[in-house]
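Structure, as structure tokens:
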Amino acid sequence: MGTMYKTVYQYNKSPISDADMEKLKEIAKDCRTVRNYIYDRYGGIGGLPKLYPGYTIQNEMTKSGLRERLGLPSVYFYLSIFTALGDIKCQWTKVKSQVEKNVRAHPDMTLEERHYLRFAMKQSQCFEAVLAGGEAGLSGEWKETWETLRDSVDAPRLNKYLCRQVRRHLKKPRSDDAGGFPVSPKGYRYGDHGIYLSMKESRRRLFIPLTDNNQYSRQIYIRLYPEERKVSISVPVEVRQRHPAGYGEEVGLALGLKCMFVTDKGTRYGEDYLEYQSALTDYVRESLPRHKRNGENNRGRKKYMAKRARLERALHDYVNAEINRMLKTEKPGTVYIPRLPASSKAGVNRRMNATVSMWQRGFVKGRLAWKCRERSIELVEVFGKGIGSQCSSCGAEGSKDGETFACPACGQKIPERQNTAGNVLKRGRKLREERQEEK
């Protein structure tokens with residue numbers, strides 16, 4: 001039986017005193033200081049050669065004296081370092097992905113030039129050499145391949161192009177969040193129906209009584225809520241995948257903004273999704289310019305971020321509830337969904353454009369994937385081009401009249417989203433058959 005990770009939460013049983021909350025807030029601010037120090041010093045091109053495996057940066061940070069100046073325990077200091085390094089690595093992954101996308105879309109670039117740039121980005125030594133203007137430290141066949149590729153194209157011109165692209169898309173991460181901090185197992189221990197956390201004072205631990213007696217031994221995250229005098233503890237735990245009885249149907253889903261899911265049988269889930277998404281979008285459009293004028297520490301920004309977080313939580317809670325309802329009702333063994341294209345800002349007005357651009361379909365698909373995996377349900381993406389213009393009954397090209405799909409060949413008239421879901425199911429079954437034949 002497979003396993004997966006999920007997050008469980010623990011909460012304080014009694015209100016935390018103001019003095020203790022200040023100690024926790026100070027640790028959170030110091031951890032933010034360490035992260036921003038790493039971002040500033042190693043988030044650019046100059047820090048790229050030191051990112052992997054990261055021990056060079058760890059040693060440099062040990063010698064920097066920052067931990068001593070802050071008085072931060074090592075269990076928080078080094079976790080903050082590697083958290084920041086992880087963020088920087090993610091940023092570089094995004095940069096390379098965007099550059100590769102631009103290379104593919106470049107109309108005047110030859111196949112040899114594209115191959116040269118892709119090779120340079122995949123080989124870290126070549127990538128660092130191009131950005132820094134040095135020589136790649138390759139040997140053997142890799143060195144011969146690199147030299148052959150370099151001699152077959154105008155390498156200086158392509159190197160300049162790659163540097164321009166990186167400078168355009170590379171942005172150093174920055175953290176304004178001082179509302180929590182991670183803790184390694186060495187930084188806490190459970191006991192007396194609570195948890196003891198390491199503090200900045202030598203050999204002192206802060207005791208927080210908890211509402212449960214569960215004990216863990218892994219990295220945790222402490223989230224602070226000073227105004228409510230509360231904390232929450234996020235703990236990643238490994239759980240077994242479930243195999244619910246009676247699950248085995250094949251279901252095709254059409255994803256949408258007005259209605260989250262429509263099945264191939266026409267059942268609708270998440271019909272109020274647009275209301276939750278529009279509430280969040282409208283608030284961001286109306287409030288964002290006002291709070292940005294006043295700087296980052298004013299009450300306007302704090303109120304804005306707090307309400308935005310509440311609206312996002314409401315949206316996410318609704319998405320989770322509707323996915324649970326769909327899986328419990330349909331009892332699928334396999335779920336097919338279309339592979340959607342990138343979001344477009346084309347629309348009837350600015351409000352709709354903003355709603356489409358903020359459509360959290362990535363979150364919807366991510367939660368669907370997680371919940372399917374939790375229940376041992378197979379989730380399959382199918383090719384989505386033209387999937388809404390074909391008749392799910394006969395395969396002929398049809399037309400849309402509002403939310404109704406009409407096929408001139410067989411005369412079928414059904415809701416447009418249901419027709420799309422039917423095509424998703426057909427393509428999913430065909431893909432499954434092709435995979436079985438290959439085996």
(Q) Any donor-acceptor pair under 3.5 Å linking the side-chain atoms of Asn36 with those of Ser175? (A) no

(Q) Donor-acceptor pair, distance only, cut-off 3.5 Å: does the side chain of Arg375 make one with the backbone of Arg242? (A) no

Q: Assign the ring pair Tyr55 / Phe82 to parallel, tilted or perpendicular, where the plane angle (0 to 90°) is split at 30° and 60°.
A: perpendicular

Q. Between the side chain of Arg373 and the main-chain N/O of Thr3, is any donor-acceptor distance below 3.5 Å?
A. yes

**Q.** Donor + acceptor pair across side chains of Asp87, Gln91 (<3.5 Å)
**A.** no

Q. Counting N and O atoms only, with roles assigned by atom type, does the side chain of Tyr318 sit under 3.5 Å from a partner on the main chain of Asp272, one being a donor and the other an acceptor?
A. yes

Q: Take Asp30 and Lys200 through the salt bridge (Lys or Arg N to Asp or Glu O under 4.0 Å) test and state the conclusion after the steps.
A: CA-CA 10 Å; Asp30 288 346; Lys200 297 181 69 172; 2.6 Å; yes

Q: Look at the side chain of Ser97 and the backbone N and O of Lys94, then say whether any donor-acceptor pair between them is shorter than 3.5 Å.
A: no

Q.
So that I can tick it off, tell me whether Arg157 and Glu113 are bridged by a salt bridge, with the cut-off set at under 4.0 angstrom between side-chain N and carboxylate O.
A. yes

Q | Flag, side chain of Asn423 to backbone of Gln390, donor-acceptor distance under 3.5 Å | A | yes

Q: Answer yes or no: is there an ion pair linking Glu238 with Arg218, defined by an N-O contact shorter than 4.0 Å?
A: no

Q. Looking only at atom types and distance, does a side-chain atom of Tyr76 sit under 3.5 Å from a main-chain N or O of Ser198, one as donor and one as acceptor?
A. yes

Q) Between Phe119 and Trp142, how do the two ring planes meet: parallel, tilted or perpendicular, split at 30° and 60°? A) tilted

Q. Are more than 12 heavy atoms from other residues, nucleotides or ligands located less than 6.0 Å from atom CG of Asp401?
A. no

Q | Side chains of Tyr116 and Asn159, donor plus acceptor under 3.5 Å | A | yes

Q | NZ/NE/NH1/NH2 to OD/OE distance under 4.0 Å, Glu322 and Arg325 | A | yes

Q.
If only side-chain N and O atoms count, and only distance matters, is there a donor-acceptor pair under 3.5 Å linking Arg432 with Thr334?
A. yes

Q) Does any N or O in the side chain of Arg417 come within less than 3.5 Å of the main-chain N or O of Leu255, such that one atom is a donor and the other an acceptor? A) yes

Q: May I ask you to decide whether Glu135 forms a salt bridge with Arg150, counting only side-chain N to carboxylate O separations under 4.0 Å?
A: yes

Q.
Looking only at the side chains, is there a donor atom on one of Thr62 and Tyr78 sitting less than 3.5 Å from an acceptor on the other?
A. yes

(Q) Check whether Arg114 reaches the backbone of His106 with its side chain - one donor and one acceptor, N or O, closer than 3.5 Å. (A) yes

Q. Taking NZ, NE, NH1 and NH2 as the nitrogens, is one of them in Glu312 or Arg308 under 4.0 Å from a carboxylate oxygen of the other?
A. yes

When the side chains of residues 362-369 are checked against the rest of the protein, which donor-acceptor pairs come out under 3.5 Å, sequence neighbours left out?
residue, atom, partner, partner atom, Å
Lys365, NZ, Glu381, OE2, 2.6
Arg367, NE, Asn320, OD1, 2.9

**Q.** Lys/Arg-Asp/Glu bridge criterion (N-O < 4.0 Å) met for Arg32, Asp176
**A.** no

Q) Is the shortest side-chain N to carboxylate O distance from Asp177 to Arg223 below 4.0 Å? A) yes

